[in-house]
Amino acid sequence: GALERTDLGKAVVYWEDLGVDMLMADEAHRFKNLHASSRKFGAKNPKYLGGSGQSKTAFKMETMARWVREQSPDNSVYFLTATPIKNSPIEIFNMLQHIAPEALAKLGITTVEEFIDRHCLMEDRLVLNAKTQEVEKAAAVVGFHHLGELEQVMDQYMMIRTATDVDLKIPESKHRVTTVEMSEEQISEYEKLRAAALETSKEDPGETFRLMDKMRKLAQDLEFYDP
């Protein structure tokens, strides 16, 4: 390909000039933060929806993958990863946008907002606000709509193999539990919180969850409980 000089005097080779006709990326979960849900929900993202972040790495990969698909439409982009979908249902949409955007486009889904409307089941639930430590009612993702339809698309474009399938020998795991006793101060404060939680459990379930979160932090370290 042609070697050109930029305004800064650096020699560059453009992706389009490399003659790439197939793209295979390992550790492909690094490219999952392509489209975010913020355009639909703003700063108030529903609980468990995730997908609020976008990365330059994902945008760069999407640009390269799109060019390769245009040059070689059949079987030209492959992703390898042990965690294709980890934190958010939106990752399904984003990963498919890299390798086969037409898969969802055939269903009339071309944007992340359309994917959420079509496949994410949302209901109001009591959730813990991480910033205020208060329990509040908020929208939360609790399941999927049209799951069979989505599974068909994923089965068509995803090949899942376990360690047994590829004859990978995995060493036997060894579990060891280390118990650390709480200090007297931790125990004292813990019992106070436990008593308060028992008193409010029927009258105010939200307050119970807030107290349980404090108990969890206190059991780990006093500084977590009262930083």
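One is the number of the first residue; the rest follow in order along the sequence. Being a predicted model, the structure only gives us computed values, none of them experimental. Note that these values count all heavy atoms, side chains included, but never hydrogens, waters or copies made by symmetry.
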Inset, instruction - Output, in order, the C-alpha distance, side-chain angles, deciding distance and verdict of salt bridge (Lys or Arg N to Asp or Glu O under 4.0 Å) for R216 and D213. - result: CA-CA 5 Å; R216 178 182 60 81; D213 184 65; 2.7 Å; yes
Inset, instruction - Show your working on side-chain contact (heavy atoms from CB on, under 4.5 Å) between L80 and M24 and close with a plain yes or no. - result: CA-CA 8 Å; L80 307 175; M24 182 175 291; 4.1 Å; yes
Legend entry - Step-by-step side-chain contact (heavy atoms from CB on, under 4.5 Å) determination, V135 to V127: CA-CA 5 Å; V135 174; V127 298; over 6 Å; no
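Residues Y78 and L34 are members of separate hydrophobic clusters, defined by side-chain heavy-atom contacts under 4.5 angstrom among Ile, Leu, Val, Met, Phe, Trp and Tyr. Hydrophobic cluster membership is shared by W15 and F31, with clusters built from Ile, Leu, Val, Met, Phe, Trp and Tyr side chains linked at under 4.5 angstrom. L193 and I187 fall within the same hydrophobic cluster, where Ile, Leu, Val, Met, Phe, Trp and Tyr residues are linked whenever their side-chain heavy atoms come under 4.5 Å apart, directly or through other members. Under the 4.5 Å side-chain heavy-atom criterion for ILVMFWY residues, a single connected hydrophobic cluster contains both W67 and V13. No single ILVMFWY cluster, assembled from side-chain heavy atoms under 4.5 Å apart, contains both L121 and F144.
The number of heavy-atom neighbours closer than 6.0 Å to CD of E70, taken from other residues, nucleotides and ligands shown, is above 12. For M159, the CE atom sits in a loose shell: 12 or fewer heavy atoms of surrounding residues, nucleotides or ligands are nearer than 6.0 Å. No more than 12 heavy atoms of other residues, nucleotides or ligands sit less than 6.0 Å from atom CD of E185. More than 12 heavy-atom neighbours from other residues, nucleotides or ligands sit within 6.0 angstrom of CE on M215.
Between the OG1 atom in T111 and the CG atom in L104 there is a gap of 10.5 Å [rounded to 0.5 Å]. Distance CG/N94 to CD1/I99: 12.0 Å, rounded to 0.5 Å. Considering CZ of F79 and CE of M95, their distance stands at 6.0 Å, rounded to 0.5 Å. Between atom CG of residue L107 and atom NE2 of residue H146 there is a gap of 10.0 Å, rounded to the nearest 0.5 Å. Atom CG of L49 is separated from atom OG of S88 by 5.0 Å, given to the nearest 0.5 angstrom. One finds the OG1 atom of T164 at 8.5 Å from the CG atom of D167 (value rounded to the nearest 0.5 Å).
Comment: R125 engages E123 in a salt bridge, judged by a side-chain N to carboxylate O separation of less than 4.0 angstrom. Salt-bridge formation is detected for the pair E189/K192: a Lys NZ or Arg NE/NH1/NH2 atom is positioned less than 4.0 Å from an Asp or Glu carboxylate oxygen. Ion pairing of E62 with R66 is present here, as a side-chain N (NZ or NE/NH1/NH2) and a carboxylate O approach within less than 4.0 Å.
For H119, the ring pair (Phe, Tyr, Trp, His ring centres under 6.0 Å) test picks out F115, with sequence neighbours left out. A search for salt bridge (Lys or Arg N to Asp or Glu O under 4.0 Å) contacts involving E114 returns nothing, not counting sequence neighbours.
When atom types are taken as modelled, the side chain of T81 and the backbone of T83 share a donor-acceptor pair closer than 3.5 angstrom. Judged purely by atom type and a 3.5 angstrom limit, D165 uses its side chain to pair as donor or acceptor with the backbone of T162. Using modelled atom types, one side-chain atom of Q186 and one backbone atom of S183 make a donor-acceptor pair closer than 3.5 Å. With N45 contributing its side chain and G50 its backbone, the two residues share a donor-acceptor pair below 3.5 Å. Side chain of R69 to backbone of H98: a donor-acceptor contact under 3.5 angstrom is found. Here the side chain of Q152 pairs no donor or acceptor atom with the backbone of G148 at under 3.5 angstrom.
Proximity of Q71 to S76: side-chain heavy atoms (C-beta onward) are nowhere separated by under 4.5 Å. Residues K32 and K86 meet the side-chain proximity criterion, which asks for heavy atoms closer than 4.5 Å. The closest side-chain heavy-atom distance from K214 to M212 is not below 4.5 Å. Proximity of F224 to L218: side-chain heavy atoms (C-beta onward) are nowhere separated by under 4.5 Å. Between M154 and I85 the shortest side-chain heavy-atom distance falls below 4.5 Å. At least one side-chain heavy atom of M122 sits less than 4.5 Å from a side-chain heavy atom of I116. Between L198 and R194, the closest side-chain pair of non-hydrogen atoms falls below 4.5 Å.
Nearest heavy atoms, I170 versus A163: CD1-CB, 3.4 Å. Heavy atoms only, all atoms of each residue included: S55 and R30 are closest at OG-O, 4.4 Å. Annotation for L211 and A196: closest pair CD1-C, 3.7 Å, computed over non-hydrogen atoms. In plain terms, the two heavy atoms of A219 and M182 that are nearest each other are CA-SD, 3.7 Å. Considering all non-hydrogen atoms of both residues, P89 and Y48 come closest at CD-O, 3.8 Å.
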